[in-house]
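Below is one structure; the comments refer to it alone.
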Amino acid sequence: MREEKVLVLDFGGQYNQLIARRVRECNVYCEVHPYNMPIEKIKEYNPMGIIFTGGPNSVYGDDSPIIDKAIFELGYPILGICYGCQFMAYSLGGTVDHAPTSEYGKTLVNINKSSLLFKDCDSTTTIAWMSHTDYVKEVPQGFTVTAYTDVCPVAAFENAEKKLYSVQFHPEVMHSVEGMKILSSFVYDVCGCKGEWKMSSFAKTTIEEIRNKVGKGKVLCALSGGVDSSVAAVLLSKAVGEQLTCVFVDHGLLRKNEGDEVEAVFGPKGPYKLNFIRVNAQERFYAKLKGVTEPEKKRKIIGEEFIRVFEEEAKKIGAVDYLVQGTIYPDVIESGLGKSATIKSHHNVGGLPSVVNFKEIIEPLRLLFKDEVRKVGLELGIPQHLVYRQPFPGPGLGIRIIGEVTAEKVQIVQDADYIYREEIAKAGIDKQLGQYFAALTNMQSVGVMGDGRTYDYAIALRAVTTSDFMTADWAEIPYDVLGRISTRIVNEVKHVNRVMYDVTSKPPATIEFE
Ligand code: XMP
C-alpha cells in the first residue's frame with residue numbers, strides 16, 4: 001500500500017510548520033521541505049498531496065521563490081496558501097496585483113459550499129485569518145472563484161478536475177475558525193488520505209533503534225528540565241541506562257526552585273538510573289550579562305555561555321560516542337528551511353556539537369511536534385506535571401527582565417512569578433492558559449507605601465491562550481484573581497510597587513517581552 005504522506009513546500013512564511021502540524025492532526029504524516037525541492041525528488045517522495053505555504057515575497061519580486069510549472073502537471077493534488085495561492089494563479093496565467101487595501105487579521109470570507117474544500121463549513125460565510133498586501137485579481141483559465149471578501153475578489157479558487165486548490169487566507173492558524181475543516185477536506189477528500197498515521201508505537205520502536213545504534217557506547221545529554229530534553233533523556237535512559245550522562249546547567253535564570261525540581265526528578269534520588277551532573281553556573285552568567293540591555297545580545301551571550309559551561313563539563317567526562325539533543329520538528333524547520341524573517345533568535349540546548357568530541361548526534365524527537373512529544377512523554381510514564389509544563393525559553397528569565405539582568409532583578413521576577421503561578425493554580429485556571437508568567441519591566445515609578453514615598457519597579461503579568469504559540473490571544477483572567485495577585489506581589493516582593501497586566505495578542509506582540 002502507498003504510504004500516506006503530504007508534502008509541504010516552504011516559501012518562507014511564519015506559519016509554515018503549523019500547516020504540517022495540522023495535517024498530522026488529521027493522522028496523516030507530513031513533512032516540510034524547501035520550495036526548491038527538485039521535481040525528481042518530489043516524484044520519488046510520491047506524496048498524496050502538496051501544500052504551498054505563504055511567504056513574505058511578491059510574485060513580481062526579482063528574487064521571489066518559484067517552482068517549475070511542471071509541478072502542476074504531475075497529477076498531485078495541490079493546495080496553495082497565501083503566497084502559494086498567488087504563486088499558483090501567477091504561474092498558470094492568472095493576474096496578481098497589489099491589493100487596494102491590505103487585509104490583515106480576522107476577516108469575513110464568503111464561500112461557495114459546493115467546493116469540496118468548503119463542504120464542511122457551517123454556512124456561506126466564515127471567519128478566516130488574512131495577512132496579505134498582494135491579491136489574485138483574475139484566476140487562470142479553467143479555474144473558478146470559490147470565495148471572496150470585501151477587499152479580495154478571489155479569496156479562493158480551484159480547478160477541481162485537476163485537483164488544484166488555493167486559498168488567500170491562512171486555514172492553519174487558530175484564528176481561522178473553520179480552518180481545520182478546510183485542511184481536513186483537502187487531506188481526506190481531495191488527496192484521498194485515510195488518516196492511518198499513529199504515534200503509539202513511537203516510543204517502543206525508538207528505544208529499540210537507539211539500543212541497536214548505541215550498543216555499549218557512552219552517551220551525553222544536555223538536560224534543561226524542559227519537556228523536550230526531558231523526554232529525550234528518558235527515552236535514552238530507558239534504552240541505555242547508566243551509559244547515559246545528563247548535564248544540567250543552572251544558569252541562574254530559571255524559575256524559583258526549578259533547579260531543585262529538575263534534580264529531584266533526574267538526580268540520584270529520582271526514578272531514573274542515569275548519571276546526573278548539576279552545574280551551578282549562576283555567577284558566570286550574571287557576570288557576562290552585566291551592563292547588557294539589548295535583547296538579541298542577551299540571548300546570544302546566554303546561548304554562548306551555556307555552550308562554554310557544557311563544554312567544560314563534557315571535557316571532564318572525556319570522549320563520548322553520542323550526543324543527545326532534544327531537537328523537535330519546529331526547530332528543524334526553523335533553522336534549516338525557507339526565508340522567514342528572524343523575529344527572535346531562539347536558543348535551545350541545540351547548537352552544541354562542534355565543541356564536544358563525539359561520534360554522532362542522536363535526536364530522537366526530530367520529527368515530532370510538541371504535542372506529539374508530550375504524548376510520548378506520557379507513554380514513557382513521565383509525570384503529568386512535567387509533561388504539561390509550560391514552555392520556558394532557553395534564555396530563561398534573562399528575556400523576562402527587560403534591560404540589564406542582575407541577581408537582584410532575577411530574585412524579584414522569580415518571587416513575583418512564583419506568586420502569580422501559585423494564585424493562578426489556586427483559582428483553578430492554570431489548565432486554560434497556554435502560558436503565563438511575570439516579567440520585570442525596566443520602568444521605575446513613584447508609589448506610596450505606609451506613609452512613605454517609594455520609587456520602585458513595575459511587574460508586568462502576561463497570560464495567553466494558544467495552541468500553537470505562533471499566534472496567541474491575551475487571556476481574560478478574572479479581576480478578583482488579578483487583584484489578589486497584585487496585592488500579594490506588592491506586599492511580598494521587595495522593590496515592586498506597581499503591577500500591570502498585558503492585554504496584547506500575538507501578533508502584533510510576541511509572547512515573551514524580549
Ligand atoms: P515568542 O516570544 O516568540 O515566543 O512569541 C513563542 C514561544 O517560544 C518561547 N520562546 C523560546 N523558546 N528558546 C526557546 O526554547 C528561546 O529562545 C525562546 N524565546 C521564546 C516562548 O516562551 C513561547 O512559548
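Inter-residue side-chain proximity for Ser445 and Asn497 is flagged as met; some heavy-atom pair is nearer than 4.5 Å. Lys5 places a side-chain heavy atom less than 4.5 Å from the side chain of Tyr45. Looking at Val187 and Ser184, their side chains never come closer than 4.5 Å, going by heavy atoms from C-beta outward. Taking 4.5 Å as the limit, some side-chain heavy atom of Pro507 sits within range of a side-chain heavy atom of Thr471.
Atom OH of Tyr418 has 12 or fewer heavy atoms from other residues, nucleotides or ligands within 6.0 Å. Within a 6.0 Å radius of CD in Glu258, more than 12 heavy atoms belonging to other residues, nucleotides or ligands are found. At most 12 non-hydrogen atoms from other residues, nucleotides or ligands lie less than 6.0 angstrom from CD of Glu476. Counting non-hydrogen atoms of other residues, nucleotides and ligands closer than 6.0 Å to NZ of Lys288 gives a total of 12 or fewer.
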Evaluate the criterion side-chain contact (heavy atoms from CB on, under 4.5 Å) for residue pair Ile402 and Glu514; output intermediate values, then yes/no.
CA-CA 7 Å; Ile402 301 174; Glu514 289 193 335; 3.8 Å; yes
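The aromatic rings of Tyr420 and Tyr436 sit perpendicular to each other, their planes meeting at more than 60°, with 30° as the lower class boundary. Ring geometry for Phe52 against Phe11 counts as perpendicular: the plane angle is over 60°, on a 0 to 90° scale with 30° as the lower cut.
Atom CZ of Phe437 and atom CZ of Arg421 lie 12.0 Å apart (nearest 0.5 Å).
Of all non-hydrogen atoms in Lys181 and Asp120, the two that sit nearest each other are CD-O, 3.3 Å. The two residues Arg389 and Val227 come nearest to each other via the heavy atoms O-CG2, 4.0 Å. Between Pro34 and Leu9 the shortest heavy-atom distance is O-CD2, 3.5 Å. What you find for His251 and Gly394 is that their closest heavy atoms are NE2-O, 3.1 Å.
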